[in-house]
Student: 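Okay, handing you the structure first.
Along the sequence shown, residues carry numbers from 1.
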Amino acid sequence: MLKRVFLALAMLCGAIPAVLADDTATWGVVRGWTIGVDTTIGNGCFIYAPFEDGLYFRLGFNPSDDNAYVVFGNPAWQSLETGQSYPVEMQMGRKSKWTGDATGGWLDGIPSLIVTSTDEDLVIEIASQTTLKAWFRSTQIANISLKGTMAAIQEMVECQQAMNNLSGSGADPFAE
């Protein structure tokens, strides 16, 4: 799945060179988006930005599960239950709505909804649109600007390619 996302984004963004930066939790900042590496999920790269009213948004790759994920978090959502399923809808720009279930959890001490997907079009659609809205049942929980995400996601892909190369080098092919 991730290879198809890389290829599709490369076609959208142009050639994507594989560059390896310092091996830290923060990869960099691009157009207001922080690019980071999550070592708890196989060195998956992500983009992150805070928004009004305590809302934050994170989009990333999970190499351990070979999927992408979207996280919406807000300290005000104290009643979210870890592991509980929540029906959500997302709409990027004027595209059709995405529907699915999010899982409640805590990320960096903040109550969060985590949506996972193996559909590579999700990342591409986020990269190509300027707004994202999300709803839980009929209540809007997010209305954010995606300005700068094309450049940030391109950097996230470069980060992930570098992390994949890093994890592949020196690995023991005989380990079980």
Side-chain angles (χ1 to χ4, degrees), residues 1-2 4-6 8-9 11-13 26 29-38 40-42 44-157 159-160:
M1 181 253 179
L2 292 178
R4 291 189 302 265
V5 171
F6 292 159
L9 285 170
M11 292 168 55
L12 272 175
C13 303
T26 299
V29 177
V30 174
R31 301 201 56 196
W33 292 87
T34 299
I35 292 86
V37 179
D38 188 335
T40 67
I41 55 172
C45 295
F46 62 89
I47 64 171
Y48 162 89
F51 292 91
E52 295 177 6
D53 299 326
L55 180 72
Y56 77 86
F57 174 80
R58 178 171 158 171
L59 167 71
F61 296 126
N62 180 344
S64 296
D65 292 339
D66 193 29
N67 64 21
Y69 63 89
V70 171
V71 177
F72 298 98
N74 194 317
W77 299 347
Q78 293 294 312
S79 63
L80 277 179
E81 295 181 34
T82 299
Q84 178 72 33
S85 182
Y86 296 89
V88 295
E89 293 180 311
M90 293 186 297
Q91 184 176 26
M92 284 63 79
R94 295 179 187 226
K95 299 282 190 175
S96 298
K97 288 183 179 178
W98 290 70
T99 59
D101 290 323
T103 303
W106 290 72
L107 189 63
D108 296 330
I110 300 172
S112 303
L113 290 173
I114 302 146
V115 179
T116 61
S117 178
T118 57
D119 187 345
E120 59 266 14
D121 289 338
L122 176 65
V123 176
I124 294 165
E125 201 165 293
I126 290 171
S128 68
Q129 297 301 306
T130 59
T131 61
L132 183 148
K133 295 178 182 176
W135 297 266
F136 167 64
R137 297 192 178 127
S138 298
T139 302
Q140 186 170 307
I141 58 171
N143 183 4
I144 64 172
S145 169
L146 295 176
K147 184 177 179 182
T149 56
M150 178 68 81
I153 290 173
Q154 180 178 354
E155 188 69 20
M156 179 180 75
V157 168
C159 170
Q160 193 62 61

Student: For Thr116, give me all partners under side-chain contact (heavy atoms from CB on, under 4.5 Å), at least two apart in sequence or on another chain.
Tutor: Asn67, Tyr69, Ile114
Student: Inspect the surroundings of CD in Glu52 and state if more than 12 heavy atoms from other residues, nucleotides or ligands are less than 6.0 Å away.
Tutor: no
Student: Using a 3.5 Å distance criterion without hydrogens, assess whether the side chain of Asp119 forms a donor-acceptor pair with backbone atoms of Asp121.
Tutor: yes
Student: Pairs under 3.5 angstrom only: tabulate donor-acceptor contacts from the side chains of residues 88-95 to other protein residues two or more places apart or in another chain.
Tutor:
from  : atom 1 : to    : atom 2 : distance (Å)
Gln91 : NE2    : Lys95 : O      : 2.9

Student: For residues 102-112, which side-chain N or O atoms pair as donor and acceptor with protein atoms under 3.5 Å away, sequence neighbours left out?
Tutor:
from   : atom 1 : to     : atom 2 : distance (Å)
Ser112 : OG     : Tyr56  : OH     : 2.5
Ser112 : OG     : Ile110 : O      : 2.9

Student: Begin from the C-alpha positions of Trp33 and Ile153 and carry the test side-chain contact (heavy atoms from CB on, under 4.5 Å) through to its verdict.
Tutor: CA-CA 9 Å; Trp33 292 87; Ile153 290 173; over 6 Å; no
Student: Mind checking side-chain contact (heavy atoms from CB on, under 4.5 Å) for Thr131 and listing every partner two or more places apart, or none if nothing turns up?
Tutor: none
Student: Any salt bridge (charged side-chain N to carboxylate O under 4.0 Å, His left out) pairs touching residues 128-142, not counting sequence neighbours?
Tutor: none
Student: Under the side-chain contact (heavy atoms from CB on, under 4.5 Å) rule, what do Phe57 and Tyr48 come out as? Steps first, then yes or no, please.
Tutor: CA-CA 6 Å; Phe57 174 80; Tyr48 162 89; over 6 Å; no
Student: Testing the basics here: between Ile41 and Ser64, what is the closest heavy-atom pair and its distance to 0.1 Å?
Tutor: C-OG, 3.2 Å
Student: Would you please name every residue forming a side-chain hydrogen bond (donor to acceptor under 3.5 Å, both in side chains) with Asn74, sequence neighbours left out?
Tutor: none
Student: Output all residues satisfying ring-ring contact (aromatic ring centres under 6.0 Å, His included) with Phe46, sequence neighbours left out; order by chain, then residue number.
Tutor: none
Student: With sequence neighbours left out, which residue pairs that include part of residues 129-152 fulfil the ring pair (Phe, Tyr, Trp, His ring centres under 6.0 Å) condition?
Tutor: Tyr86-Phe136
Student: Just by distance, no angles: are the side chains of Trp98 and Glu125 close enough, under 3.5 Å, to form a donor-acceptor pair?
Tutor: yes
Student: Which residues pass the side-chain hydrogen bond (donor to acceptor under 3.5 Å, both in side chains) test with Asp65, sequence neighbours left out?
Tutor: Asn62
Student: Which pairs count as side chain to side chain donor-acceptor pair (under 3.5 Å) when at least one residue sits in residues 142-152, sequence neighbours excluded?
Tutor: none
Student: Under the rule for side-chain hydrogen bond (donor to acceptor under 3.5 Å, both in side chains), what residues qualify as partners of Thr82, not counting sequence neighbours?
Tutor: none
Student: Could you tell me whether the side chain of Ile126 reaches within less than 4.5 Å of the side chain of Val70, counting heavy atoms only?
Tutor: yes
